[in-house]
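Below, all heavy atoms of this structure are taken into account, side chains as well, without hydrogens, waters or symmetry copies.
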Amino acid sequence: MGRVSLLIGPIGQLVTAKSMPWRYGDQVLIMENAGIAVDGNKIIEVGSWDTIGSKYEGECRIPAEESLVTAGLIDPHTHLLFSGSREDELELKLEGVPYEEILRRGGGIYRTVSATVGATDNELRRILLNRLFEVAKYGTTTIEVKSGYGIELNQEIRLLRIINDPSIKAPIDVVPTYLVHVPPRDMDRGGEYVNMVMGSLDKVKGLAKFVDVFCDEGGLLRYRKPGGASLERHRGGGALGLGFMLMK
């Protein structure tokens with residue numbers, strides 16, 4: 001009998017890839033009364049519990065008769081790092097009030113920005129850590145986390161540093177994204193704002209893996225700098241957006 005560090009089983013239902021590499025739309029394997037043998041950080045074998053349980057002895061065993069076991073989930077779009085709440089705005093949205101109008105009334109992201117900027121670093125670390133543990137409970141093992149609730153560059157850098165803070169220890173891989181959402185209230189949303197954004201990209205290298213640009217009305221609109229780089233709005237799904245990777 002082989003010895004491994006961990007046995008998981010018997011498992012009520014196991015759902016995993018039928019072949020690797022797995023791609024969206026590929027078939028999945030669904031197995032009842034399954035087992036998994038793990039040694040260190042490597043999965044040694046997956047199969048029926050009758051086979052796995054008789055073939056391996058584990059230093060630790062996790063019974064999972066009432067559980068569904070799947071491969072780790074990847075969440076590619078989240079806004080986990082912010083303070084405050086705008087739950088009351090849901091009623092306005094249900095009444096059909098456009099987000100741009102909510103912004104003009106002083107709500108929307110500007111309200112969240114005020115609460116986030118007013119929170120201490122320790123408060124924001126605690127908020128982020130609690131939310132990371134919450135999503136991990138439901139099977140997410142890799143998650144994208146955006147900044148965006150500082151708006152001013154120094155505050156955006158502060159949020160990205162908190163996202164990257166090694167003291168935030170959660171059982172989940174975090175991919176930091178620099179979110180360019182709306183301009184500061186006192187800034188023109190045309191060339192001045194875009195120039196600020198373009199000038200900020202070098203400053204967030206090493207802190208952000210990706211840049212996500214919100215291009216809906218009230219955010220960053222089409223702008224092309226003669227002889228230079230350009231940012232343009234495009235449609236994809238609901239809001240307009242633009243995304244790109246930051247290369248070191």
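Using a 4.5 Å heavy-atom threshold, the side chains of L73 and T141 count as separate. No side-chain heavy atom of K146 sits less than 4.5 Å from a side-chain heavy atom of T78. Contact annotation: the side chain of K55 never approaches that of M1 to less than 4.5 Å [non-hydrogen atoms, C-beta and beyond]. Under the 4.5 Å side-chain criterion, counting only non-hydrogen atoms from C-beta, D75 is not in contact with T142. Inter-residue side-chain proximity for L6 and E59 is flagged as unmet; no heavy-atom pair is nearer than 4.5 Å. Counting heavy atoms from C-beta outward, L201 and Y178 have side chains that approach closer than 4.5 Å.
Contact check on K137 versus E134 returns a salt bridge, with a Lys/Arg side-chain nitrogen under 4.0 Å from an Asp/Glu carboxylate oxygen. Checked for salt-bridge contact, R111 and D88 meet the test: a charged N lies under 4.0 Å from a carboxylate O.
Legend: side chain to side chain donor-acceptor pair (under 3.5 Å) pairs involving residues 18-40, not counting sequence neighbours, sorted by first then second residue: Q13-E32. Residue pairs meeting the salt bridge (charged side-chain N to carboxylate O under 4.0 Å, His left out) criterion with at least one member in residues 148-161, sequence neighbours excluded: D121-R158.
Legend: residues meeting side chain to side chain contact (heavy atoms under 4.5 Å, CB included) with S67, ordered by chain and number and at least two apart, are A64. With sequence neighbours left out, L92 forms a side chain to side chain contact (heavy atoms under 4.5 Å, CB included) with E95, V97, I102, R105. By the salt bridge (charged side-chain N to carboxylate O under 4.0 Å, His left out) test, D50 pairs with no residue at all, sequence neighbours left out. Residues satisfying the side chain to side chain donor-acceptor pair (under 3.5 Å) test with T177, not counting sequence neighbours, are E144.
The shortest non-hydrogen separation linking I36 to V69 is CD1-CG1, 4.0 Å. Here the closest heavy-atom approach between residue I163 and residue P176 is recorded as CG2-CB, 3.7 Å. Scanning all heavy atoms of the two residues, the minimum distance from G148 to L159 falls at N-CD1, 4.3 Å. Between Y110 and L103, the closest heavy-atom pair is CD1-CD2, 3.6 Å. For the pair I44 and Y56, the tightest heavy-atom approach, listed with the atom from each and the gap, is CG2-OH, 3.6 Å. Residue P10 comes nearest to R61 through the heavy atom pair CD-NH1, 3.5 Å, listed as atom of the first residue, atom of the second, then distance.
The 12-atom threshold is not exceeded at CD of E91, counting heavy atoms of other residues, nucleotides or ligands nearer than 6.0 Å. A 6.0 Å sphere centred on CG of L207 holds more than 12 heavy atoms belonging to other residues, nucleotides or ligands.
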Query raised in the report: How far apart are the C-alpha atoms of V211 and V180, what are their side-chain angles, what is the distance that settles it, and do they pass the side chain to side chain contact (heavy atoms under 4.5 Å, CB included) test?
Result: CA-CA 7 Å; V211 177; V180 178; 4.2 Å; yes

**Report entry** Chi angles and distances behind the side chain to side chain contact (heavy atoms under 4.5 Å, CB included) call for H79, H77
**Finding:** CA-CA 7 Å; H79 301 260; H77 183 123; 3.2 Å; yes

Query raised in the report: L81 and I162: side chain to side chain contact (heavy atoms under 4.5 Å, CB included), yes or no, with the steps?
Result: CA-CA 9 Å; L81 182 53; I162 290 172; 4.0 Å; yes

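Side chain of R131 to main chain of L80: a donor-acceptor pair is present (N/O by atom type, distance under 3.5 Å, no hydrogens or angles). A distance-only check finds no donor-acceptor pair linking the side chain of E57 to the backbone of G2 [under 3.5 Å]. Side chain of R86 to main chain of G108: a donor-acceptor pair is present (N/O by atom type, distance under 3.5 Å, no hydrogens or angles). Between the side chain of S5 and the main chain of G40, a donor-acceptor pair closer than 3.5 Å is present. In this structure, the side chain of T116 engages the main chain of S83 through a donor-acceptor pair within 3.5 Å. R125 contributes no side-chain N or O that, together with a main-chain N or O of I168, makes up a donor-acceptor pair within less than 3.5 Å. In terms of modelled atom types and a separation under 3.5 Å, the side chain of S147 and the main chain of L179 share a donor-acceptor contact.
Each of V175, L132, I74 was checked for a side chain to side chain contact (heavy atoms under 4.5 Å, CB included) with I143, and the lone residue meeting it is L132.
Atom CG of L160 is separated from atom CG of D165 by 12.5 Å, given to the nearest 0.5 angstrom. The distance from atom OG of S200 to atom CD1 of I157, rounded to the nearest 0.5 Å, is 8.0 Å. If you take CD1 on I62 and CG on L7, they are separated by 9.5 Å, rounding to the nearest 0.5 Å. How far CD1 of I11 is from CD1 of I52: 9.0 Å, rounded to the nearest 0.5 Å.
Taking the six-membered ring where tryptophan is involved, the planes of F82 and Y149 are tilted, since the angle between them lies from 30° to 60°.
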